[in-house]
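Worth saying up front: this structure is predicted, and the values here are computed from it rather than measured.
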Amino acid sequence: MAYLTDLADRGDVFLAGRTQNNDSSSFGIVIFRASSRIDAEEIMKNDPAVAGGLMRAELYPYQIAILGTSGGWAG
């Protein structure tokens, strides 16, 4: 978490979290900014949980089409 928190503090992580099902289908999502696919792969591979084999990661390039406001959303 410290790695992702540091990236968020620098403005590179847009959001991070995980699904709320507590079984083997649970997964996390991290949306972050990177200037290139190579940079994105480095960010992903340098996550200590990924590098240490605790978590598996896959990279999916993404482009925001609609961005709503967060007002009124429960967290």
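For the pair Met44 and Glu58, the tightest heavy-atom approach, listed with the atom from each and the gap, is SD-C, 3.7 Å. Pairing each heavy atom of Asp12 with each of Arg10, the nearest pair is OD2-NH2, 3.1 Å. The heavy-atom pair separating Ser25 from Thr19 by the smallest distance is O-OG1, 4.5 Å.
With hydrogens and angles disregarded, a donor-acceptor distance shorter than 3.5 Å links the side chain of Asp47 to the backbone of Ala49. Looking only at distances, a side-chain donor or acceptor of Arg33 sits under 3.5 Å from a matching main-chain atom of Gly11.
Taking CD1 of Ile31 as the reference point, atom OH of Tyr62 lies at 6.0 Å (rounded to 0.5 Å). Between the CD1 atom of Ile43 and the CD1 atom of Ile38 there is a distance of 12.5 Å, given to the nearest 0.5 Å. Atom-to-atom distance recorded for Met55:CE and Phe27:CZ is 13.0 Å, nearest 0.5 angstrom. The line from CG of Leu59 to CD of Glu41 is 6.0 Å long, rounded to the nearest 0.5 Å.
The local environment of CG in Leu15 is crowded, with over 12 non-hydrogen atoms from other residues, nucleotides or ligands closer than 6.0 Å.
Counting heavy atoms from C-beta outward, Val13 and Tyr3 have side chains that stay 4.5 Å or more apart.
Under the 4.5 Å side-chain heavy-atom criterion for grouping Ile, Leu, Val, Met, Phe, Trp and Tyr, Met1 is not connected to Leu54 through any hydrophobic cluster.
In the hydrophobic clustering, where aliphatic and aromatic side chains (Ile, Leu, Val, Met, Phe, Trp, Tyr) are joined below 4.5 Å either directly or transitively, Tyr60 stands alone.
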